[in-house]
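If you're wondering where the values come from, they're calculated on a predicted model, not measured in any experiment. In this chain, residues are counted from 1 in sequence order.
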Amino acid sequence: MGFAYDLVRSDTSKLILLYVTLFAFTFQIIKSAKFKFKTLVLFSVIFRLLFLFAIPNLSQDFYRFIWDGRIILNGLNPYLYKPNSFIENGVFPIADTQELFNGMGSLSASHFTNYPPINQLCFVVANLFPGQSILSSVIGLRLIIIAADIGTLYFGKKLLERLKLPSNNIFWYILNPFIIIELTGNLHFEGVMIFFLVWSLYLLHSGKWKWAAVVLACSISVKLIPLMLLPLFFNHFKTPQEDSKTTRFLDTIKNLNLPRLIGFYSIVIGTIILLFIPFFSMEFVNNYSKTVGLWFGNFEFNASIYYLARAIGYAITGYNEIAIIGKILPVISVLFILGFSFFKDNSYFPKLITSMLLALTLYLFLSTTVHPWYIATVLLLSVFTKYKFPIVWSIIIILSYAAYANDTFSENLWIIGLEYCIVFSVFIWEVVLKKRLLVA
């Protein structure tokens, strides 16, 4: 209850203390043998419902979600209008215009929306809840995210069973305080994206690849992040190689099931296009591409490798070289993803999920901006693998909120350094050193 109704993000000490206490409590619940699966499900739902009537206190993004939903209900295309364009012209097109504008902050208000169409649909539905107030819309958003988490629990459990893994692994995601606070509490729609992603993986493992493609497109149409996972499926639609940990590109081409591969990608891309059509115009294409591009070349928060590169740039030129570094690092991310796609044997499902986990992790390590909720996807994927570093990251990432302890929101790089020293250490141990020691 303290997190939901009696906390401000500038109170760093209280925030970290409550968070660590919750995580220790949750760890004991998950590891305890006396709690059966159904009991843990009940805990998962109750902990989420505690937040039901709370206005988010660690994030202001929900104001923009409500704004976009009301703009659509008013017959306008949210991709074509910046919120500040209305205020500057003295136009108040929706209920609570000024309060929503003030709440979302100047950064969000000065840019076009970057939320894909199914995310926008969620915003619309949330604004249909009785009451027509900001609180009623918040409750609507929260119920959608809770429903998505229940769906993730359902399909996650079924996928774990199909992979012959402990079904209780799913609670490292579902009962994780990080997930409950950042998604249910702070209303970040990674939860809905992840629901569609897990559902898609379950369908794919069940042999229903056409429906898997449709559902994967829905995941991408909530948040664009799964779009970078598409190349990894290239190496999945082929004959498995029993003894190979890596694969040669020419062998992959020879063993490909081309009709299924082409069909899968065509369905994914076609579904995404269909979902964007209601909003389509050349102005939309221009606005959306520019807005998405801002995340690579303008914003910086809680980064790791980028901050090291930035420091080197300052030492050499005396300036912040984000414009250059922000273009180079995504290219390196793409090269990693292509490497996992063409030179790893992803035909086996556990290897496919592991490649997804490592590809997204390396992408985040190379990103200029890593808000806490960004790691929700790697945490979810980790429950289907042997890796635990995302769980450690979900604990330690609370340190990033220390930036809000001052009015300028400036980061303490020593704290960021501590966060990534711990995360990198566990990552290197699990992914590199542990494997070598076992082989030796």
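Rounding to the nearest 0.5 Å places CG of Leu73 at 8.0 Å from CD of Gln132. Once rounded to the nearest 0.5 Å, the distance linking CD1 of Ile66 with CD of Glu99 reads 9.0 Å. Between the CD1 atom of Ile375 and the CG atom of Asn302 there is a distance of 9.0 Å, given to the nearest 0.5 Å. Put simply, CD1 on Ile267 and NZ on Lys210 are 6.5 Å apart, with the number rounded to the nearest 0.5 Å. Atom CD1 in Ile305 sits 12.0 Å away from atom CD1 in Ile325 (nearest 0.5 Å). Note that the CG atom of Leu232 and the NZ atom of Lys344 stand 11.0 Å from one another [nearest 0.5 Å].
In summary, of the residues considered (Phe384, Phe196, Trp199), a ring pair (Phe, Tyr, Trp, His ring centres under 6.0 Å) with Phe155 occurs for Trp199 alone.
Ring centers of His371 and Tyr374: under 6.0 Å apart, within the cut-off. Between Phe276 and Phe284, the gap from one ring centroid to the other is short of 6.0 Å. Between Phe264 and His236, the distance from one ring center to the other does not fall under 6.0 angstrom. A ring-centre distance under 6.0 Å is not found for Phe23 and Trp172. Aromatic pair Phe112/Tyr288: ring centres not closer than 6.0 Å. Proximity of the aromatic rings of Phe65 and Phe189 is defined here by a centroid distance below 6.0 angstrom, and this criterion is met. Taking the six-membered ring for Trp and the full ring otherwise, Phe424 and Phe365 have centroids separated by under 6.0 Å.
At a cut-off of 3.5 Å, with distance as the only test, a side-chain donor of Ser137 or Arg70 sits close to an acceptor on the other residue.
Geometrically, Lys157 does not engage Phe171 in a cation-pi contact, judged by NZ or CZ lying under 6.0 Å from the ring centre and within 45° of the ring axis.
When the shell of 6.0 Å around CZ of Phe279 is examined, it contains more than 12 heavy atoms from other residues, nucleotides or ligands. Atom OH of Tyr154 has 12 or fewer neighbouring heavy atoms from other residues, nucleotides or ligands inside a 6.0 Å radius. Counting non-hydrogen atoms of neighbouring residues, nucleotides and ligands closer than 6.0 angstrom, the CZ atom of Phe92 exceeds 12 such neighbours.
Judged by distance alone, with hydrogens and angles left aside, the side-chain atoms of Ser136 form a donor-acceptor pair with the main-chain N or O of Ser133 at under 3.5 Å. Although no hydrogens or angles enter the test, the distance criterion places a donor-acceptor pair under 3.5 Å between the side chain of Glu430 and the main chain of Lys388. A distance-only check finds a donor-acceptor pair linking the side chain of Asn89 to the backbone of Ser85 [under 3.5 Å]. Between the side chain of Ser394 and the main chain of Ile391, a donor-acceptor pair closer than 3.5 Å is present. Although no hydrogens or angles enter the test, the distance criterion places no donor-acceptor pair under 3.5 Å between the side chain of Glu161 and the main chain of Ser167.
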